[in-house]
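Okay, structure first, notes after.
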There are 2 protein chains.
Amino acid sequence: MVVSEGAVDLRQLEYFLAVAEELSFTRAAHRLHVVQSGVSASIKSLERDVGAPLLDRSSKHVRLTDAGARLVPQAYAVLEAAQRARDAVAADDGELSGTVRLGTMTSVRLLDVPAILGSTTAATRACSCS
Amino acid sequence: MVVSEGAVDLRQLEYFLAVAEELSFTRAAHRLHVVQSGVSASIKSLERDVGAPLLDRSSKHVRLTDAGARLVPQAYAVLEAAQRARDAVAADDGELSGTVRLGTMTSVRLLDVPAILGSTTAATRACSCS
DNA sequence: ATCTCTTACGACGAACGTAACGATG
DNA sequence: CATCGTTACGTTCGTCGTAAGAGAT
């Protein structure tokens, strides 16, 4: 009777990967252009949704838990697939697949890489921040 | 300079696939246990997010547009990956991968298939509705 | 006339930013 | 004491359900 819902959001995964990479809520929040409290709340809601703690916030070091380490590659895959889905609807000609494949492993760094590449669709996601 | 956001939600994709399969907002809404207006609004927001119409609602027939047809397999891949991500954190023993692989191609029918299988994690998602 | 999708409306919930708090080195 | 993460609070935006409207067979 317990409806676990599994309401995992793409934003939650993006925030989680940012923290997992930086191993810091502060740096992750800075990279995501949001405040720490937002990242904290989002990670907490993600942990609630999946039903397991993902990060070990003991002392000053943020470490991945066992479940968190297992989630990382899968979270990458989800964001990768989501990016592919977004590009699919914009693919009027076949040459877009190259762009997608280029962004796959760097999907969490979408804020700077696409700007450098200057690709048409990705360029629209570039943001000019210090 | 146009920030396209790309705020695609997993729920939107699930709704979209339901409509794409049923080719009907009404039947899709019934299967998803929500009202038609909710599905309509969700699809519309998805179309706004991806920046292209996905469904052709002319007359009584709902048909997939070109972009919509391209999105379907990618949307499946995203939901598949999301399901894999949820299972990853719950994988205490290695035997779960079989359950995941079983659910991949039927991820949009999560409401009934898992109930039949009676798997531990999936069973929590089963809902008892008429 | 009936079925299907859309739009309007009020209400609930989620996420954000600001700000204050607790803990660790 | 300085930094990092959490909690509290008010605002804003999205989604839901109910209900009414437009189009087509």
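All heavy atoms count here, side chains included; hydrogens, waters and symmetry mates do not. Lettering follows sequence order; numbering is per chain, from 1.
Residues satisfying the side-chain hydrogen bond (donor to acceptor under 3.5 Å, both in side chains) criterion with A:Q74, sequence neighbours excluded, are absent altogether. Residues that satisfy the side-chain contact (heavy atoms from CB on, under 4.5 Å) test with B:D56, not counting sequence neighbours, are B:S58, B:R63, B:T65. For the side-chain contact (heavy atoms from CB on, under 4.5 Å) test, residues two or more places apart in sequence or in another chain that qualify with A:R27 are A:E22, A:S24. A:Q36 pairs by the side-chain contact (heavy atoms from CB on, under 4.5 Å) definition with A:T26, A:A29, not counting sequence neighbours.
At whole-Å resolution of the value, CG in A:L55 and C1' in D:dC4 are 14 Å apart. Across the protein-nucleic acid pair, B:R48 atom CZ and D:dG14 atom C1' stand 9 Å apart, rounded to whole Å. Distance CD1 (A:I43) to C1' (D:dT6): 13 Å, rounded to an integer number of Å. For the pair A:Y15 OH and D:dG5 C1', the interatomic distance rounds to 16 Å; values are reported in whole Å. Atom NE2 of A:H30 is separated from atom C1' of D:dT3 by 15 Å (rounded to the nearest Å).
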Report, one pair per line, the protein and nucleotides 17-21 of chain C atoms (nitrogen or oxygen only) whose separation is under 3.5 Å.
from, atom 1, to, atom 2, distance (Å)
C:dG17, OP2, A:V35, N, 3.1
C:dT18, O4, A:S37, OG, 3.2

Please list each protein N or O that sits under 3.5 Å from an N or O in nucleotides 23-25 of chain C, with the distance.
none

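Place A:R11 and B:R27 on DNA chain C by their nearest nucleotides, and B:R27 ends up nearer the 5' end.
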